Structures are given as C-alpha cells and as structure tokens.
There are 2 protein chains.
Amino acid sequence: MAKRRPVANLLALAVLTVAVERPMHPYEMASVLRARGKDDDMPIKWGSLYTVVRNLEKHGLLEAVGTDRQGARPERTLYRVTDAGRREAADWTRELLSTPGREPSPFESGLSVMGGLGPDEVRDLLRRRLELLERQVEADRRALERERAELPRLFLLESEYALAMREAQAAWVRELLKELDAGEFPGLDAWRAYHRTCDLPADLADLAERGRPAQ
Amino acid sequence: MAKRRPVANLLALAVLTVAVERPMHPYEMASVLRARGKDDDMPIKWGSLYTVVRNLEKHGLLEAVGTDRQGARPERTLYRVTDAGRREAADWTRELLSTPGREPSPFESGLSVMGGLGPDEVRDLLRRRLELLERQVEADRRALERERAELPRLFLLESEYALAMREAQAAWVRELLKELDAGEFPGLDAWRAYHRTCDLPADLADLAERGRPAQ
DNA sequence: GGACTTATACTCGCGTACGAGTATTCGTAG
DNA sequence: CTACGAATACTCGTACGCGAGTATAAGTCC
C-alpha cells in the first residue's frame, strides 16, 4: 500500500482548499477559515497551523511565492497551491465523501465501557447528555434557520448533516432512557449485582469474549 | 484549567477497564481487548499499547506487581490498576457518557469542502458511499442478530448505537441524493459554473464568510 | 526432522500534534 | 499622549502516536 496522505492532518485539507482561491500567508488562511466557521466542520487545532503549512511545502503541495510586508509588522511568506496540491485536495475530498470510515465516536467508546458504572448512575449521566443534546439541537436549528437566509444551500450541507446526526443520537438516547426508566432493560439486576460486588460472574466473562466473526 | 486526562489516548481507558478485572501483562490486555472486539468500539492502534501502559504507570494509574515467565518466552511485567486508576477510569467513562462532544466526523469535513468538486462527481461519490453504507448496515444487522442470542443486552448497546447512527447517515445521504437526482437542489447551476471556471463570484466569497454567532 | 507458518511479545525511531509562550503593533479610552 | 487591552504573526519544546521491524517459540505438514 502506497503512502497514505503525505500530511494526514485534516487542517491540511482546509489549508489547501483556501489556498486554491488565491495565494495567502498562513495567518490569513487561519482568519479566512475561522471566518467561514470551518473549525466547526473539522477538528482543527490552530497550534498546528505553521507545522502543517511547512509540511505541505516540504511535500510540494504548497510553494512559497515571496513575501509581503504591511507597515512595520513582521514579513509574511505567501504560499500558493501547486498542481500536486490541487490534485491532493480533490482526491482527499473524494475519499472523504465516498468512503464511510469506521471511526468510533467517543460516545460509542463510552457505551462500551459503561459496565464499569452502575445502572442508576448511567441513567443519570444519559439524562444529562440528552438534556445537553436537546439544547444543542435547538441552537443548531436556530443557527441554521438564520444562515439559510443568506447562504446558498451548498454551504449549509455540513451543518444540516451535523444537525441530523445529533437528532438521531438524541432519539437513540431517549429511547434507551425510556427502557431504563421503565425497568424494561433486560439484565438490570445482574448488572446492578455485578457493579456492587465489582467482579463479574465467570460465565459472563466468557461470554463477553465474543469471537469476532471471520470476515 | 487543570490538566486534562494524564493519558489522553482512549486505548488507555480500554487498558484500565480490563486491568480492573485482574492484573495482566500488556500482551494479555491486548488479547482480551481484541477478543471482546473493543477495537470496533474505540479508535485503537496496537502500536501504541506499550507506550500507553508505560504512561499509565508513570502517572500512577497502573503499577507493576512483578513478573511472570512461561517456558522460555521473554519475561512479562504484570500490571495492576491503582485506586487512582480506578477513579480515572470511572470519571472518564462518566464524561464520555454525559458530555456530547463537538467532534466533526470526516464525512462532515468532506461535505464542508465539497464545493471544490463539481455536482455531478459529488453525486457519483455519494452514490458510492450510500452503497457501501447499506452493505455495512446489512452486515451489522446480521452480526447483531447473531450476538443477541448469546450476549446480554448490556454488551450490545454500543453495536446497536453504531448501527442506528449508520442508518441515520444512510437515510440522510439517500435524501440528499434524491434532491440531486431530481435536479431540485437549489443553486446547482451556480455550483456547476463555479466549478468550471474555478473561481467563485465575489459576492459568494463574501457570503461564505459567515460571521460566527457570538456565543 | 527440517522447513514452513502462525502466535507471542515486544522495541525503536521518526514524524507530528499542539499547548503555551513571545514579541510587536494597532486601536482607543481617559 | 500614554497606558492598556486586543489583535497580529508567529516560535518552540515536549510528549505522544503508531507503523514497521524483530526475535523467539510453538504448532504442523510432509
């Protein structure tokens, strides 16, 4: 398998896509990206900006096209995207759109170690999550409404998607909570008992060792 | 703000939760986690295992309790979870369950840079994604059915959640595709034009600079 | 019994992420 | 006109992630 993305950080993709519009210096890229709210759509850490730009240059995806200087401020290097950079950005975008990745969310991870807490506490935690989730959904919905007025649909899709996913998550949690509240959840007593004694019966331990289905 | 998780890698949480059951050596932890399929629920890279265990020890969340040796194999250090480790694991789990994080998925990132490709190509890419997604949903559903027979519900929640999220994603993509196919998507021509000329009209550029609502 | 594969049990080192820090300049309120 | 906070424009160091490599031991097929 060939080398995967020469610069793996998604911030690099964001940088490439703004650099396509016109040559920029790093700080300007950051301002533009910030202004467009791209840090809501991507896991961006601004501390990585200069490292990422340097790496993009090293791999020939960006190239320096001189410096400019405003007043007495430090001089800034302007970067332009190369052909390779354009190709990389397009290819990367294609991959992101076409390939559903297997990247478990933190919540999923949380669910998978939930057994370490008792059922009553879990219920409280999930209640809290649902509450926050519902608040966020409301806020997102309002924000989207506001933006719909002034932006073409094309630029709203990622927000629409994020909202849809949050709603789906809220619905799932709500459903689970309903079961927990109604005491319908099967194995509640075993769970409670396990948590009190803090060691799981041997048969369960064996069962939990579910063999992965050969695939 | 105090230091966040002393060992941030989620693999650390997985390690702590198995070490709670009984003292283990690192390789055994890996086997148990693998056997339980935890690497489907968490973003685990096995290459990080020894680093993570060492860091957990350094921060007093695990402690070495001697070594054992089987036959002529290299000696292995046994680690036991400390009280601090137990607390950290519980606290971390609580946080994961109760706090809906803002971590954009790669697909969301993809959507947010989608404008760089033309609408026709995007349609093809999304079709491909939907197809793969539907296949995965089918596979997940079957796997879940199989596991339901032999495992208590408690251990299936994370799979149920993953399935629900995938179904929601598939539904969203399907809906979007329907719009694209029907030509209902507003601004399609502008999009196509922009992609052909490869530079976006100035008014759009301004608009795209959506100010973040203060909050 | 020798040659092959598979499982066991790690080690190493490169590259990178990114928080925290720094130095300068601009706006502005008194 | 000067003091102060905010914005500008970066730099640096450390710790961390993780792929790739390694070496031995145990099955296993002929």
Side-chain angles (χ1 to χ4, degrees), chain A residues 1-15 18 23-35 39 42-59 61-62 64 66-79 103-104 109 211-212 214, chain B residues 1-15 18 23-35 39 42-59 61-62 64 67-79 103 109 211-212 214:
Chain A
M1 189 76 47
K3 271 200 87 63
R4 297 303 304 143
R5 307 286 160 217
V7 186
N9 196 330
L10 270 177
L11 173 55
L13 178 56
V15 162
V18 291
M24 291 188 195
H25 52 95
Y27 193 82
E28 190 186 3
M29 296 171 183
S31 321
V32 172
L33 289 172
R34 241 193 293 258
D39 46 352
M42 292 173 157
I44 288 182
K45 314 296 159 101
W46 296 114
S48 314
L49 180 63
Y50 289 83
T51 316
V52 159
V53 168
R54 214 174 306 122
N55 289 343
L56 284 172
E57 186 185 17
K58 193 173 64 187
H59 288 91
L61 305 175
L62 284 184
T67 63
D68 79 347
R69 127 176 300 150
Q70 296 254 54
R73 305 251 195 76
E75 69 173 336
R76 306 163 296 187
T77 310
L78 277 178
Y79 292 93
E103 15 236 321
S109 307
R212 347 282 316 292
Chain B
M1 189 72 50
K3 272 199 86 65
R4 296 304 301 144
R5 307 286 159 218
V7 185
N9 198 332
L10 269 176
L11 173 55
L13 178 56
V15 161
V18 290
M24 291 188 193
H25 54 93
Y27 192 84
E28 190 186 3
M29 296 170 183
S31 322
V32 172
L33 288 173
R34 241 193 292 259
D39 46 352
M42 292 176 156
I44 287 181
K45 314 296 159 99
W46 297 114
S48 314
L49 179 63
Y50 289 84
T51 316
V52 159
V53 168
R54 213 175 308 123
N55 289 343
L56 284 171
E57 186 185 16
K58 193 173 63 187
H59 288 91
L61 305 175
L62 285 184
T67 62
D68 80 348
R69 129 175 299 150
Q70 296 255 56
R73 306 251 196 75
E75 69 172 338
R76 305 163 298 187
T77 310
L78 278 179
Y79 292 93
E103 13 239 320
S109 306
R212 350 277 319 288

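Numbers restart at 1 for each chain; the letters A, B, ... are given by sequence-line order, proteins then strands. Just so it is clear, the structure is predicted and the values come from calculations on it, not from any experiment. The figures that follow rest on heavy atoms only: side chains count, while hydrogens, waters and symmetry mates do not.
- When the side-chain nitrogen and oxygen atoms of B:Tyr27 are compared with OP1 and OP2 of C:dC10, none of them lie within a distance under 4.0 Å.
- Atom CZ of A:Arg34 and atom CD1 of A:Ile44 lie 9.5 Å apart (nearest 0.5 Å).
- Annotation: side-chain contact (heavy atoms from CB on, under 4.5 Å) contacts of A:Ser48 (sequence neighbours excluded): A:Asn9, A:Leu11, A:Lys45, A:Val52.
- One atom, CE of B:Met29, and another, C1' of C:dA9, lie 14 Å apart when rounded to the nearest Å.
- A search for side-chain contact (heavy atoms from CB on, under 4.5 Å) contacts involving A:Leu10 returns A:Leu13, A:Pro43, A:Trp92, A:Leu96, B:Ser109, not counting sequence neighbours.
- Taking atom NE2 of A:His25 as the reference point, atom C1' of D:dA9 lies 9 Å away to the nearest angstrom.
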Shorter than 3.5 Å, N or O on both sides, protein versus nucleotides 14-17 of chain D: list them out with atom names.
residue: D:dG17; atom: OP1; partner: B:Asn9; partner atom: ND2; Å: 3.1

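- Rounded to a whole Å, the CZ atom of B:Arg34 is 12 Å from the P atom of C:dA9.
- The shortest side-chain heavy-atom distance between A:Leu49 and A:Val15 falls under the 4.5 Å cut-off.
- Distance OH (A:Tyr79) to C1' (D:dA9): 13 Å, rounded to an integer number of Å.
- Note that NE2 of A:His25 and OG1 of A:Thr77 are 10.0 Å apart. Values are rounded to the nearest 0.5 Å.
- Residue whose closest nucleotide on DNA chain C sits further toward the 5' end, between B:Arg54 and A:Leu49: B:Arg54.
- Summarising the geometry, the separation between CH2 on B:Trp46 and P on C:dT8 is reported as 13 Å, rounded to the nearest angstrom.
- Mapping B:Gly47 and B:Glu28 onto DNA chain C by nearest heavy atom places B:Glu28 closer to the 5' end of the strand.
- Atom CD in A:Glu57 sits about 17 Å away from atom C1' in C:dT16, given to the nearest Å.
- Here the OH-OH distance, from A:Tyr50 to A:Tyr27, works out to 7.5 Å after rounding to the nearest 0.5 Å.
- With rounding to whole Å, B:Asp39 atom CG is found 14 Å from D:dC18 atom P.
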